[in-house]
Structures are given as structure tokens and as C-alpha cells.
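A note on names: the letters A, B, ... follow the listed sequences, proteins ahead of strands, and every chain is numbered from 1.
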Amino acid sequence: MGLKRKDLLSLTNLSADDITLILETADSFKEVSGREIKKVPALRGKTVVNLFFEPSTRTRTSFELAAKRLSADVINFSPSSSSVVKGETLLDTARNIEAMQADIIVLRHSSAGAAETLARGVKSSVINAGDGWHEHPTQALLDLYTIRSRQMGFAGLRVAIVGDVAHSRVARSNIFALTKLGAEVRVVGPPTMIPLQISQLGVQVYHNLDEALRGVNVIMMLRLQLERQGRALFPTIREYARHYGLTGERVKLAEPGAIVMHPGPINRGVEIAPDVADSLSSVILDQVANGVAVRMGILYLMSGAG
Amino acid sequence: MPPSTQPPMTTEPTTGNRQGRVVMDAGDIARAVTRIAHEILERNKGIKDLALVGIRTGGVHLAHRLVRRIHDIEGTQIPIGELDITLYRDDLSLRKDQPILRKTSVPFKISDLKVVLVDDVLFTGRTIRAAMDSLIDLGRPAEIQLAVLVDRGHRQLPIKANYIGKNIPTSREEAIEVHLEENGEEDRVVILRA
């Protein structure tokens, strides 16, 4: 029973059963989020610290709301307003936070492995909210939850992940989780954005979007990180949009009833056409709503007295 | 079914092979449910503004039986809800492992209704405290009443049932198990020695 682990750092070391437990627990919290009084006393007296070294609105707000709906106390730490600018190391910052009796630390950091380092150094539970290009486990879990809530099973499910897979922690976490649950994952993008050895993770590589979309049940678009332009990953935004932008025409290539996902924030007219983002097949806003329920589930499962 | 050995709220499944003494059989349970259904109707003067909410999991099954029985008598289906009180337990922050969460489903507005909570065994009263808090977070019922199949005593909170299937005096060390058909077992209430 329970997750039996102190931290949530990566989806590689969660079993299919662990993932199912998290999704089922999230289901109960979805009900709480639909109530008039969206609050339960489960984490009363616990402190959750959001330690975000990278800008984030969605994920931080989602964790904050999740913790508050569980009656935990929430503190937001961001580097600009803390002693990090004075040269304090990650571990020292975290130890200070821990000394203030934080039960759970939610970490977003630009370096891969930051959450792991932190977890080894502190007694508090650590939840990885994105570390560099490595992983973003809670995003993948909310994506899985959204797929599941559309009555889709994972065994044999065909999922296309489209875009800058190489620089995407969302893609990596989703690949780990989806393949573990028996889904067939295709990654699609220009060769500069697909890691060379990625087929070792059990995915199929495509460079042509139209081919990749044939027969898929789920289209998962990644955000084109416009700030990476000029690093020779793609010639122009326009050319990228023409080859890898999701249009209404392209959605028709997928299975009827296929859903379109995006972790946000979306670049309208770049990786996703506005009419697709607003269409019935788009579950982008469901993902945001489900994110709170999934994070409530994770916080709840990790809040055992340990 | 939850045995009720330890004083805190327990939801651990039965460990199995211990020999027990049957204190209620299928007939006893059926008659108790019928009587409670009548008592609920009598006390509330019919079914107006009445709703039943079962506490997971044994209470949910009993609530469904009561709703069916009330339907037999009055010819009308009254609203029924299911409550998971896990998030309201008073021992949550003390546990190493968090208990499995199941869904709360109360698909109607409870404000201004007379809500009858239904549980299988009334013991320390802590589950009922949690259920009342959970219910009040969903709205402001006009009244909360309590129906239980078995009252085994040893209250730790000032809580009393309005409708009781059977009072069964027990020692703290004994356990009461309620087996129900809905779980694929034969209907019976068993008392287990420590």
C-alpha cells in the first residue's frame, strides 16, 4: 500500500502499479476539485515549499493550489528574491528550508539531476517539478491521467510526441511512463531535435509528421522553445511551422477521436494552429485542470509520516 | 470487512482464518435492515428531504439495502451518496503509509436535507466524526442522523447512533467483522476473540 518512497524524482523507477496508484488517487481528488468547498484537511499542519529556480507559472501555481486544497501551508521560494543571488548553493538553500520544518520540497531547476542531488541531501520529501532536459514526472502523470479520463487504455495506445524531443523533459518523462504502460510511442521532429539513440527507449523515430500521425490516438505537441532559435536547430520558425506545425488537416490523419495535447504555454501558429488548439479534440485545458488533481494525489501519497 | 480491534479507525482487511462466533446471520441482518428502514421513515415522517450517505465500504452496501427497502415501502427512490472519509481521519499525520483513497460521490446538494449516515460498525466514533466533517464540507444539511448495523461500544467521542441494528457488547480486544453478499461473502456478523 502506498508509494513507499521518500521522493518523486523520475518515472524510470516507478512501476506500472505505482503509476496506476497515483492516477487512481488523483481520481478521488478530481472530485474534491469539483466541490463548492474545494478543500480537505488531509495535509493540515504540513509545509510544502515550492523552490523554483526557473520561471514557471503553470506548474508552480498548480502545485500551490494542490497543496492549499489539501490544507497544507505553502511557501514559494524563487531565486531572484532569495539568497541564491548572494551565492548560496542549492543544497544550502534547501537545508535552510528544511530547518524551517518543510515536509515536502517541490524543485524546479535548470540542471538535470538537481532534484536527485537535493533528495540525497535533505530529509524532506523532494518532488521533481522539472530538472533541465531530464524529466518532468508530474507533467507526464497528468498527461497520462488526461488520456485515461478519455476512456483510453494504455496497452496498444498509439501516441505521437511531436517537436523538440531532445530538449524536452516532458517528452522524456512521457516516453518512460507510456512505454512502461504498454503504449506505442512515436517521436517526430527534425533530426536536429531527435536524440540519436532515442530508439533505445523503445520508441519509433519519424521525421515526417504526416507519416507519423497516421493511426495515432494521441498527438502530444511540444512547445517550440523559441529562445533556442539561432542555435541551428531549425532554419526559421516559418519553415518549422510548415513541416511540424499541427493543422486541422493533419489531425484528420490520426484515428477518429484522437486527442491533441500540449504541456503549454502554446505558440499559436507555430507548433499548433489556433483552430486546432481551440478544437474539440484539444484537451489542453483539461490537462491544466487535471494537473491540480494529480499533484494533490502525489502530495497526499508522499505526505506519510515517513 | 474492517475488523475493529485497534482503537483508532481501522480499514485493514481481515487476516482470515481465525474462528469466530456468528452473532447475526443473514436473516437477522435482513430483519435489522427492514426495521431500520421503518424507523428512519417513522422518525422523519416519510421521505421528504431525506437522503442516505454510506461510509465506505460496508456502510455503502448497507445504505443501498436501506434505500431499496425504503423504496419497497414508500415506492420512491431517495438520493444516496458514498463517502470516503480517509482525508478526514485524525490519524493521517501519524501514519507512515497513506491509506488507499477511494472516491467520494454525493451527486446531489445536501444543504437543507436530512442526511442519514450509514456505517456497518460503530466503535470509537472517530469514523463518524470524520464523516460528519466531510459531509459538512459538502454543504449544510438540515440534520445528520446515524444508522449502524452493529454498535459494539467503547466510544472515544460523544457520538450516539439514532438507528441500531444490534447492540453487541464486546471487550476491546475482540474484533467484529461484518461480511456482506456485496463482497462475495455470506451475510453475517462475526465476533472474533483476540
Side-chain angles (χ1 to χ4, degrees), chain A residues 1-6 8 17-18 20-48 66-73 101-104 123 125 127 145 148-149 293-306, chain B residues 2 6 8-15 51 53-57 60 80-113 115 126-141 144 157:
Chain A
M1 204 195 279
L3 265 188
K4 298 213 189 302
R5 61 188 69 241
K6 174 170 106 48
L8 178 64
D17 283 348
D18 290 336
T20 309
L21 171 69
I22 293 173
L23 301 184
E24 277 170 5
T25 305
D27 230 5
S28 306
F29 287 111
K30 183 84 185 181
E31 184 269 328
V32 174
S33 290
R35 292 183 191 171
E36 217 160 290
I37 300 174
K38 301 170 179 55
K39 213 172 178 89
V40 288
L43 260 67
R44 219 168 23 162
K46 304 261 181 192
T47 304
V48 176
K68 285 183 169 166
R69 286 187 181 165
L70 290 167
S71 304
D73 295 312
Q101 314 289 321
D103 298 285
I104 299 177
K123 284 199 247 2
S125 289
I127 297 175
Y145 182 88
R148 211 175 82 128
S149 66
V294 168
R295 289 177 175 119
M296 284 172 83
I298 292 165
L299 288 171
Y300 166 75
L301 288 169
M302 307 214 45
S303 68
Chain B
Q6 297 132 9
M9 295 177 285
T10 51
T11 48
E12 272 73 31
T14 168
T15 39
V53 172
I55 300 172
R56 284 196 184 278
T57 50
V60 168
I80 180 165
E82 307 179 350
L83 213 55
D84 181 294
I85 56 106
T86 308
L87 298 169
Y88 291 81
R89 293 169 67 122
D90 57 11
D91 58 350
L92 257 193
S93 61
L94 308 172
R95 296 173 59 105
K96 262 194 149 36
D97 246 340
Q98 298 295 45
I100 300 282
L101 204 55
R102 296 198 170 73
K103 229 188 197 155
T104 286
S105 160
V106 182
F108 49 88
K109 287 241 175 291
I110 64 160
S111 287
D112 302 324
L113 293 186
V115 177
R126 287 176 192 269
T127 300
I128 306 303
R129 194 282 308 165
M132 287 195 290
D133 280 350
S134 154
L135 212 50
I136 284 166
D137 273 1
L138 297 175
R140 185 179 186 275
I144 299 178
L157 295 171

Do you know the tightest heavy-atom contact between [X] and [Y]?
X: D27(A); Y: K103(B); result: O-CE, 3.5 Å
X: Y88(B); Y: P41(A); result: CE2-CD, 3.2 Å
X: S303(A); Y: Q98(B); result: OG-NE2, 2.7 Å
X: L87(B); Y: V32(A); result: CD1-CG2, 4.4 Å

Less than 4.5 Å to any heavy atom of chain B: does that hold for the side chain of K39(A), its backbone, both, or neither? backbone

Interchain contact, F29(A) with chain B, by part (heavy-atom threshold 4.5 Å):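 For F29(A), the contact with chain B is made by the side chain alone.
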
In terms of heavy-atom pairs under 4.5 Å with chain B, the winner among R35(A), K30(A), M302(A), E36(A) is R35(A)

May I have the step-by-step check of side chain to side chain contact (heavy atoms under 4.5 Å, CB included) for L301(A) and L101(B), ending in yes or no? CA-CA 9 Å; L301(A) 288 169; L101(B) 204 55; over 6 Å; no

What distance separates T25(A) OG1 from I100(B) CD1, expressed to the nearest 0.5 Å? 6.0 Å

Taking every heavy-atom pair that is under 4.5 Å apart, which of V106(B), T104(B), D137(B) has the most such pairs with chain A? T104(B)

